[in-house]
Amino acid sequence: MTAVKAHEADALIRRGPDPRIPVILVYGPDTGLVVERAKRLAESFVTDPNDPFALVKIDGDALAGDPGRLVDEAGTVGLFGDRRTIWVRPGGRNYAPAVEAVLKAEVADTRIVVEAGDLAKSAPLRTLCERSPRALAIPCYPDDERALAELIDRTLQERGLRIAREAREVLAQSLGGDRRASLAEIEKLALYAAGQGSVELDDVEAVVSDVGASVLNTLIDAAFVGRTGEVEREYRRFRHEGLDPSMMLGSALRHALALLASRLDGPDKSPSLLVASWRGLHFKRKAAVETQLGRWSPAALRQAVQILQEAVLACRRADADLAHAHASAALLRIATEAARRRAG
């Protein structure tokens, strides 16, 4: 098996895949991350990425109509004998036969980077590459907290900047599940802070727009306050944004755990005092979180945590449509319970 685990992908790309493996499939729901990784893999293999003879781009649909073309391109020798990359861009038609043909051919000094979308486990292209010893299959899923922290540190370090811990936490909360959008925000922040050596919380608040957190926080707060109609509306918006349901449930779960920790740590404190101790909480959310702390008991929060954990597990086992159904149902259950508590 040559399927790369999601958490191992960045390290593999940094050190460089085995040059003897000719085909690398990059796929997944995070299109920004797919493009970024495919670009790095394609350009890093050749001496001059701007040389059209060294880096050849082919549309996947063109290969679907002419499966032998990929073998022909892979067999072409560079003008000066240098290494070459063939970058296959996504298409709407099945071009797995072209990849299968090149896996059977003798390929030397050529890397074939195949960029694809969110492929199911049974998709021919994914199955083919995962089973072949001459291919790698690299998945691209939305960044979790650790991956976002590493992305922030690495991107800023490349520009000669450090970032304060609190600033990193707030920045990570403001980034969404799309790598391309996250990178754009980090690079905008780096440009703003250029020359000052360190990025502080004030810099983050001054520059970074809320890529994913505004949608998520509005949705999560609506659920825990008990506004079921707003949950339905915001979830439709959430899905339209193309964000991952598992990532959303993870954020809701972390929020439920934070509420529970606050209630347990300060059982005799007022909600306003509890909110004052929350780190990284945007001032616009303080009133909503204060309401939630006043409404939810520790026992009820434990039940909410269980609902979200079960939904996260169900999402991981389901296809995209069913995963969204599990996620929206879990949030509506929480919103219904919160509304009942408000009425009581």
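The side chain to side chain donor-acceptor pair (under 3.5 Å) pairs that include a residue from residues 55-66 number zero, where partners must be two or more places apart or lie in different chains. Residues in residues 12-49 take part in no ring-ring contact (aromatic ring centres under 6.0 Å, His included) pair, two or more places apart or across chains. Here side chain to side chain donor-acceptor pair (under 3.5 Å) pairs that include residues 191-201, with residues two or more places apart or in two chains, are Gln196-Asp203, Ser198-Glu200. The ring-ring contact (aromatic ring centres under 6.0 Å, His included) pairs that include a residue from residues 293-315 are Phe224-Trp296, where partners are two or more places apart or lie in different chains.
In this structure a side-chain-to-backbone donor-acceptor pair under 3.5 Å is missing from Arg126 to Ser122. Side-chain atoms of Ser328 come within 3.5 Å of backbone N or O of Ala325 as a donor-acceptor pair. Between the side chain of Arg37 and the backbone N or O of Pro139 there is at least one donor-acceptor pair closer than 3.5 Å.
Qualifying side-chain hydrogen bond (donor to acceptor under 3.5 Å, both in side chains) partners for Asp319, counting only residues two or more places apart in sequence or in other chains: none. With sequence neighbours excluded, no residue forms a side chain to side chain contact (heavy atoms under 4.5 Å, CB included) with Thr47. Glu106 meets the side chain to side chain contact (heavy atoms under 4.5 Å, CB included) test with no other residue; sequence neighbours excluded. Among residues two or more places apart in sequence or in another chain, the side chain to side chain contact (heavy atoms under 4.5 Å, CB included) test is passed with Leu128 by Val99, Glu100, Leu103. Qualifying salt bridge (charged side-chain N to carboxylate O under 4.0 Å, His left out) partners for Glu310, counting only residues two or more places apart in sequence or in other chains: none. Listed by chain and residue number, nothing satisfies the salt bridge (charged side-chain N to carboxylate O under 4.0 Å, His left out) test with Arg317 (two or more places apart in sequence, or in another chain).
With contacts defined as side-chain heavy-atom distances shorter than 4.5 Å, the pair Ile24/Ile112 does not qualify. Ser270 has its side chain within reach of Leu273: a pair of non-hydrogen atoms, C-beta onward, lies under 4.5 Å apart. Side-chain contact between Val113 and Thr85 is present, with heavy atoms from C-beta onward closer than 4.5 Å.
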Please tabulate, for the side chains in residues 249-260, all donor-acceptor contacts under 3.5 angstrom to protein atoms that are two or more places apart in sequence or on a different chain.
unit_1: Ser251; atom_1: OG; unit_2: Met247; atom_2: O; d: 3.3
unit_1: Ser251; atom_1: OG; unit_2: Arg254; atom_2: NH2; d: 3.1
unit_1: Arg254; atom_1: NE; unit_2: Glu145; atom_2: OE2; d: 2.7
unit_1: His255; atom_1: NE2; unit_2: Gln292; atom_2: OE1; d: 2.6

Give the table of side-chain donor-acceptor pairs shorter than 3.5 Å for residues 87-95, with sequence neighbours excluded, one pair per line with atom names and distance.
unit_1: Trp87; atom_1: NE1; unit_2: Glu115; atom_2: OE1; d: 3.0
unit_1: Arg89; atom_1: NE; unit_2: Glu115; atom_2: OE1; d: 3.1
unit_1: Asn94; atom_1: OD1; unit_2: Ala96; atom_2: N; d: 3.0
unit_1: Tyr95; atom_1: OH; unit_2: Glu115; atom_2: O; d: 3.3

